[in-house]
Amino acid sequence: MSVIDVQLPDGSVRSLDDGSSARELAAAIGSRLAHDAIAAQVNGELTDLNRPLHHGDRVTIVTPASDVGRDVLRHSTAHVLAQAVLRLWPGAHYAIGPSIRDGFYYDFALPQGARFSDDDLDRIERVMRSIVAEDQPFLRSEYSIEEGLELFKDQPFKVEIIAGVGDGANPEDAGEVGGSVVSTYANTPEFQDLCRGPHVPSTKRLGYFKLMRVAGAYWRGDEKRPQLQRIYGTAWESKEALAAHLVQLEEAEKRDHRRLGAEMDLFSFPGELGPGLAVFHPKGGTIRRVMEEYSRGRHVAGGYEFVNSPHITKAELFETSGHLEWFADGMYPPMELDDGQQYYLKPMNCPFHMLIFKARQRSYRELPLRMFEFGTVYRYEKSGAVHGLTRVRGMTQDDAHIFCTREQMAQELSDLLNFVLGLLRDFGLNDFYLELSTRPEGKAVGSDEEWNEAEATLGDVARQAGLELVLDVGGGAFYGPKISVQARDAIGRTHQLSTIQLDFQTPQRFEASYVASDNARHRPIMIHRALFGTVERFMAILIEHYAGNMPTWMSPDQVVVLGVRDDHDDYAHQVASALRGDGVRVSVELANEPLGSRIRRAKLEKVPYVLVVGDEDVVSRTVGVNARGANDPERGVDLEEFRSRLRVEIAEHGSPELSRAT
RNA sequence: GCCUGGGUAGCUCAGUCGGUAGAGCAGCGCAUUCGUAAUGCGCAGGUCAGGAGUUCGAAUCUCCUCCCAGGCUCCA
């Protein structure tokens, strides 16, 4: 028998008998690896463990505790889910079941339009566990497209996928099937699934999974096509990893801004107002005010001018802008006034700023002209889309529009991106990447030349920023491409924050112009940009980022002063008054209940500094400092020293926890 | 908008078989005067989301509406 050489990831070479598979390779390397192996990567391509290797192949053995490995076992677990559902609902149609972040899902259409309920998850999970215990192999077979169609003739979704590959209608399905070859994996004679693979060798390699929830999902993500029943699950390489993930979910839940918003008395959604309409309570209002004031200051320094516009307008404005044509569904229905005139609540601020630009003749000497407004807009979001403060129907954008010349555009965009990132960093976010969204086919206005120029300019600016750049093909607005700044928060989730959109169209639609040095009229370029996105959403993201522990400069209550006994209350008030003079938000809790109880309440309210003052402090004009997140209180801190510490921390936007962490 | 689940005091939740509502925390009152995360006693607090129906009787069963959650779709 001849011998082949294969190369391992570390560059070393192993000789194997010809016809050996990755399974044998793993065994040759070590028994531990042989035991852990679930799949292989051969020359970069993911394959089953038993696929024969060839001379010169570069081979990586895939084990469960890796990104690729988890992907494989999640996908395999999805197959087990499908088998379990088909056992429990004979005649069910199964559609697709990919692995996703942290888990997998599978979509089904049950016989007679039946639907899963939450209680079904337990039953299904039990069947899945018995399938795992049955130690079923995943056996790969390959068929022609015709054979595949015959094999799955009772499974309309599978037939559509296979047929789609045949006629090239759905290129993404080529991944599902693999070129002109239809591959399947059979676990038992009764159950096989169309699949590119690879899979774990046997179901006994699975087991650390949990079905999470049922949901509806449209076939092929298309609202007009049938809605399928989707089951989501999570799956991991070990019991510990699964448990850690579930703990992580609980952590995220504790940070949920809706929960913290209620607990910390920041805002609420009174049922009387309707979905997606919030009221901000005094503490939430303070956070908002601080955010807005800081933003205003930065915008003044950044050369912006401040404008204002009304909340309602005649339909004409949005006919001109094109919003009524594209987004009428997302706007509140019009109010009809007695002369038959239709008025709309504004979903956007840009047309108003356009009118301000047009209010008089503009000179090139005024450009770039930057108009800023905290503009409150109303959008009729679908009822199922509203979510806490992150998706609301009434929201305030930190919206600005920059009018400039074509020549100024690149520089202006580049300065703008720096401005954006600087402001976001001031709020404590500093892990960013950019996304470039390009022309949406079929719903874009404007010429190819304009779009190409706009995309090229934005692309250059994005690349020059030196951040990771992700392309989002077709994700732009109807009037222009956009850069969005994505930020990772403290627990690694990413949020789309600022957007910068380049717009050649709106100035044309409004016939805006300026007089240039050549004494002729030229068309300005318009840049739309929002840094927070909306104040509401940005606040929600910050609350979750900080788990409610807002940096001192943003905290609604920065300091609480507690006298030990009520004869210390006078001094407590003196301390508070001195701090108030420094602009600090401070309150005094009178000594009519036990100290421990008052401290506990302040801690639960996440107040950055609790000051305790007693006999010694009154005598020596000191305070006891109990800082949020600190293990031990500091006794006898000179009041003047504490004031200056706090002044510095607030001015620098520091957060006590963050500074202690370093 | 669609699918699944939910809505009981300000909050977290109990409420059995259909028999007319309960706890803890928070709030209020009184007492307590205390050095770093819960002092004691008392009081008050509910159209059981809203409406209709079945029933002698509905928080509980049925239907409709509103609102919330998790998804799908959408997101200028």
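Here is how names work: the chains are called A, B, and so on, in the same order as the sequence lines, proteins then strands, and each is numbered from 1. This is a predicted model, so every value here is computed, not measured.
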- Message: Can a donor-acceptor pair be found, under 3.5 Å and without considering hydrogens, that links the side chain of A/Arg379 to the backbone of A/Pro347?
- Response: yes
- Under 3.5 Å on both distances, the Watson-Crick or G-U partner of B/rU54: none
- With sugar-phosphate meaning primed atoms plus P, OP1 and OP2, does A/Gln501 contact a base, only sugar-phosphate, or nothing at under 4.0 Å between heavy atoms? sugar-phosphate
Please set out all donor-acceptor pairs under 3.5 angstrom arising from side-chain atoms of residues 475-483 of chain A, sequence neighbours excluded.
from     : atom 1 : to       : atom 2 : distance (Å)
A/Tyr479 : OH     : A/Gln501 : OE1    : 2.4

- Query: Paired with B/rC28: which nucleotide, if any, by Watson-Crick or G-U wobble criteria at under 3.5 Å for both distances?
  - Reply: B/rG42
- Query: Taking for each residue the nucleotide of RNA chain B bearing the nearest heavy atom, is the 5' side occupied by A/Asp222 or by A/Lys482?
  - Reply: A/Asp222
- Message: Checking A/Thr506 now: which residues fulfil side chain to side chain donor-acceptor pair (under 3.5 Å) with it, not counting sequence neighbours?
- Response: A/Asp503
- Which residues pass the side chain to side chain donor-acceptor pair (under 3.5 Å) test with A/Gln496, sequence neighbours left out? none
- Query: Side chain of A/Asp566, base of B/rU33: donor and acceptor closer than 3.5 Å?
  - Reply: yes
- Message: Base, sugar-phosphate or nothing for A/Lys346? Non-hydrogen atoms, less than 4.0 Å.
- Response: nothing
- For B/rC2, what is the paired nucleotide under Watson-Crick or G-U wobble rules, both distances under 3.5 Å? B/rG71
- hbond_proxy A/Gln227 side chain to B/rC2 base (donor-acceptor, 3.5 Å cutoff): yes
- Query: Please give, in whole Å, the distance from B/rC74 C1' to A/Arg220 CZ?
  - Reply: 20 Å
- Message: If the condition is side-chain contact (heavy atoms from CB on, under 4.5 Å), which residues does A/Asp265 pass it with, not counting sequence neighbours?
- Response: A/His281
- Message: Looking only at the aromatic ring of each residue, does the gap between the centers of A/Tyr609 and A/Phe642 stay below 6.0 angstrom?
- Response: yes
- Check: A/Tyr218 side chain, B/rG1 base, donor-acceptor under 3.5 Å: yes
- Item | RNA chain B contacts among residues 590-602 of chain A, heavy-atom distance under 4.0 Å | A/Ala591, A/Asn592, A/Glu593, A/Pro594, A/Leu595, A/Gly596, A/Ser597, A/Ile599, A/Arg600
Distances under 3.5 Å between protein N/O atoms and the N/O atoms of nucleotides 59-68 of chain B, please, pair by pair.
none

- Message: I'd like the P distance from B/rU55 over to B/rU16, given in whole Å.
- Response: 23 Å
- Once you round it to whole Å, what is the distance between P of B/rG35 and CZ of A/Arg635? 9 Å
- Would you indicate what A/Tyr105 reaches in the nucleic acid, counting non-hydrogen atoms under 4.0 angstrom: base, sugar-phosphate, or nothing? nothing
- Query: If you check every side-chain atom of A/Ala217, which of B/rU4, B/rC72, B/rG70 has the closest atom?
  - Reply: B/rC72
- base_contact_polar (B/rG35 base, A/Asp615 side chain, donor-acceptor, <3.5 Å): no
- Would one find a side-chain N or O of A/His387 under 4.0 angstrom from OP1 or OP2 of B/rG70? yes
- A/Phe478 atom CZ is separated from B/rC75 atom C1', nearest whole Å, by 13 Å
- Message: For B/rC74, does the base pair up with any side-chain atom of A/Arg391 as donor and acceptor (N or O, under 3.5 Å, distance only)?
- Response: yes
- Item | Residue list, side-chain contact (heavy atoms from CB on, under 4.5 Å) with A/Pro556, at least two apart or on another chain | A/Leu266, A/Lys283, A/Thr286, A/Ile287
- Task: Mind checking salt bridge (charged side-chain N to carboxylate O under 4.0 Å, His left out) for A/Lys382 and listing every partner two or more places apart, or none if nothing turns up?
- Result: A/Glu223
- Taking only residues at least two apart or on different chains, which pairs with a member in residues 94-118 of chain A satisfy salt bridge (charged side-chain N to carboxylate O under 4.0 Å, His left out)? A/Asp107-A/Arg230
- Between A/Glu450 and A/Arg523, is there a side-chain N and carboxylate O pair less than 4.0 Å apart? no
